[in-house]
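The next block holds one structure in the form of structure tokens; read it before the comments.
All residue numbers refer to positions in the sequence shown, counting from 1.
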Amino acid sequence: MVTPHTHGERQTMHTNPVIEMLGRRLRLAVLGGGPGSFIGAMHRAAARLDDRYEIVAGVLSSDPERSTTAAAALGIAPDRAYETADALFTGEAARTDGADVVAIMTPNDSHHSFAIAALRHGFDVICDKPITNTLAEAVDVLAMVEDTGLVFCLTHNYTGYPMVRQAQAMVADGMLGTIQLVQVEYVQGGKAGERDPDRDGDLPWRYDPVRGGPSLVLGDIGTHAHNLVRFVTGLEVTELAADVGHIVENRLIDDYAGALLRFDNGARGSFWVTQAAAGVENCLRLRVSGTKGTLEWMQEAPTQLAFKPLGAPAEIRTPNGPGTLASAKRASRIVAGHPEGFHEGFANIYADAAEVIAARRAGVEPDPLALVFPNAVDGVKGVAFVEAAIASSTNNGAWTTVN
């Protein structure tokens, strides 16, 4: 993740820098996200929204028959509807019109092996979060990215929201002064009344600690909250004191995590995430306070960013409204007053990655404003945060260094 310049001309949505640089759209192969997958549909829609990719190949399911049927429904040619990821990598690498980019939206335990193999075969990679289940695997992916020089994009899609990018730009411009306090929460209720699966049967992958990772709530939404803090503030969590576990009786997976945070500039913070808050839908909320003022943003009202300067009236910033900075303008497709949210934020990540991938392939420098998407470094830091939180909680909430 690179903090961009915050001023400049708005890029219009009528131009397509990928086609300008390459003369064609990027060719995308997809792994996972087949029938019944919410996130798979989001990835495919995001790839198409700005017309910078065409989906040419895929493995949509671990079941070959379901995969073939799903690929046909997406218009993928039969000879490019592969049965396995290995077959896809080999087959597409051998074609003169083969895929440029591989998008990974499979269970978490496969992210490492698929990302490594894709990079080794010369594909740029777009991967769903978390990057891997373990820190060692995450570092391995980062090393491969650095060795190959290929682009790796991690889809923490909330960083694509216009007002999140506005908040980042305002912090970078010094409008908050020195950051002193940070509060972040990500509260869902989907698992409040959900019955856990039969422990003696086949576990859905999210409930399996081997496949889903050591902490469901931290891997699923905690990494989003952590990444949002880092993206907006530019700060790193250096130490934390955490409590991780479950609040639903007899549950084996984590559905709650809370932590006190210390940042590398001396700021203090609080973090809490849960998927068991009855009745809550998807409340991701951030408050950042500095010596000159405070910013507040909530995902359920994504087009409003509250700015509360010290000694002056509070302001509400909106996409394309007065005071909108270049990075936020770039992330907005329509005129002021029209809501944009989850789909568009996801698409901004894909669009920025496409521009950087195309620039690399064309041998030119990308627009600095395209460089803000989360990358392998962000993925490593997210997994390090998860491991530190689990270690702290295991040690009765002791202050623990984030590796």
Side-chain angles (χ1 to χ4, degrees), residues 1 3 6 156-189 221-237 240 257-263 265-274 277 279-332 336-342 344-345 348 372 374 385:
M1 179 180 69
T3 301
T6 55
H156 282 298
N157 59 294
Y158 296 110
T159 64
Y161 281 55
M163 289 296 95
V164 170
R165 295 191 174 186
Q166 173 79 9
Q168 182 203 46
M170 292 173 70
V171 170
D173 273 6
M175 296 179 69
L176 268 65
T178 301
I179 303 303
Q180 296 176 314
L181 298 168
V182 180
Q183 294 172 282
V184 65
E185 64 180 57
Y186 197 164
V187 183
Q188 297 177 335
I221 63 175
T223 52
H224 272 313
H226 171 255
N227 181 259
L228 182 66
V229 167
R230 293 184 57 251
F231 182 83
V232 171
T233 68
L235 302 178
E236 299 291 353
V237 179
L240 55 77
L260 298 176
L261 310 176
R262 292 173 178 165
F263 293 90
N265 77 331
R268 297 293 193 268
S270 64
F271 163 102
W272 79 282
V273 295
T274 184
V280 179
E281 293 181 347
N282 193 60
C283 185
L284 172 59
R285 190 194 306 258
L286 176 69
R287 178 183 289 119
V288 180
S289 297
T291 53
K292 296 181 180 180
T294 292
L295 289 173
E296 296 176 347
W297 180 81
M298 184 171 70
Q299 192 275 154
E300 290 180 329
T303 60
Q304 296 188 358
L305 174 67
F307 175 43
K308 301 178 178 180
L310 181 66
E315 305 172 10
I316 299 295
R317 302 293 179 94
T318 58
N320 295 319
T324 303
L325 299 176
S327 57
K329 288 181 180 181
R330 174 187 167 87
S332 184
H338 294 73
E340 296 177 273
F342 192 89
E344 294 87 353
N348 285 333
V372 297
F385 178 86

Problem - Y158: side chain to side chain donor-acceptor pair (under 3.5 Å) partners, not counting sequence neighbours - result: Y186, N282
Exercise for the section: State whether the side chain of T324 and the backbone N or O of T318 hold a donor-acceptor pair below 3.5 Å, judged by distance alone. Expected result: yes
Practice task
Determine whether E300 and C283 make a side-chain contact, defined as any pair of heavy atoms from C-beta on separated by less than 4.5 Å.
Solution key: yes
Problem - Rounded distance (nearest 0.5 Å) linking atom OG1 of T159 with atom NE2 of H224 - result: 9.5 Å
Fill in the blank from the handout: Between V232 and A167 the two heavy atoms that sit nearest each other are CG1-CB, 3.9 Å
Exercise for the section: To the nearest 0.5 Å, tell me how far L181 CG sits from T294 OG1. Expected result: 8.0 Å
Practice task
Might you work through the side-chain contact (heavy atoms from CB on, under 4.5 Å) test for R165 and F231, ending with a clear yes or no?
Solution key: CA-CA 9 Å; R165 295 191 174 186; F231 182 83; 4.1 Å; yes
Practice task
Look up atom CE in M175 and atom CG in L325, then write down how far apart they are to the nearest 0.5 Å.
Solution key: 7.0 Å
Practice task
Using the side-chain contact (heavy atoms from CB on, under 4.5 Å) rule, take T223 and F385 through it: C-alpha gap first, then chi angles, then the decisive distance, then the call.
Solution key: CA-CA 8 Å; T223 52; F385 178 86; over 6 Å; no
Exercise for the section: With the side chain counted from C-beta on, respond yes when V372 and S327 share a heavy-atom pair under 4.5 Å apart, and no when they do not. Expected result: no
Practice task
Could you tell me whether the side chain of F263 reaches within less than 4.5 Å of the side chain of V229, counting heavy atoms only?
Solution key: yes
Practice task
Please tell me if the side chains of Y161 and N348 come closer than 4.5 Å, counting only heavy atoms from C-beta onward.
Solution key: no
Handout entry: Approximate separation, where rounding is to 0.5 Å, of E315 CD and L305 CG
Key = 10.0 Å
Handout entry: Contacts of R287 that satisfy side chain to side chain donor-acceptor pair (under 3.5 Å) - sequence neighbours left out
Key = Q183, E296
Problem - Backbone N/O of G266 and side chain of R268: donor-acceptor pair under 3.5 Å - result: yes
Handout entry: Exam field: side chain N265 to backbone T178, donor-acceptor pair closer than 3.5 Å
Key = no
Exercise for the section: Report the distance from atom CG of L260 to atom CZ of F271, rounding to the nearest 0.5 Å. Expected result: 11.5 Å
Problem - Smallest separation among heavy atoms of G160 and A331, with atom names - result: O-CB, 3.8 Å
Problem - W272 and V187: CA distance, side-chain angles, deciding distance, side-chain contact (heavy atoms from CB on, under 4.5 Å) verdict - result: CA-CA 8 Å; W272 79 282; V187 183; 3.6 Å; yes
Handout entry: L176 vs F307 side-chain heavy atoms within contact, under 4.5 Å
Key = yes
Handout entry: L261 and V182, any side-chain heavy atoms less than 4.5 Å apart
Key = no
Handout entry: Test side-chain contact (heavy atoms from CB on, under 4.5 Å) applied to E281 and Q188, step by step
Key = CA-CA 5 Å; E281 293 181 347; Q188 297 177 335; over 6 Å; no
Problem - Heavy-atom side-chain contact between R317 and M163 under 4.5 Å - result: yes
Fill in the blank from the handout: Here the gap from L295 atom CG to K308 atom NZ, rounded to the nearest 0.5 Å, amounts to 10.5 Å
Exercise for the section: Looking only at non-hydrogen atoms, find the nearest pair between P339 and T303 and report the distance. Expected result: CA-CG2, 3.9 Å
Handout entry: Among Q166, E344, E340, H338, the one residue meeting side-chain hydrogen bond (donor to acceptor under 3.5 Å, both in side chains) with S332
Key = E340
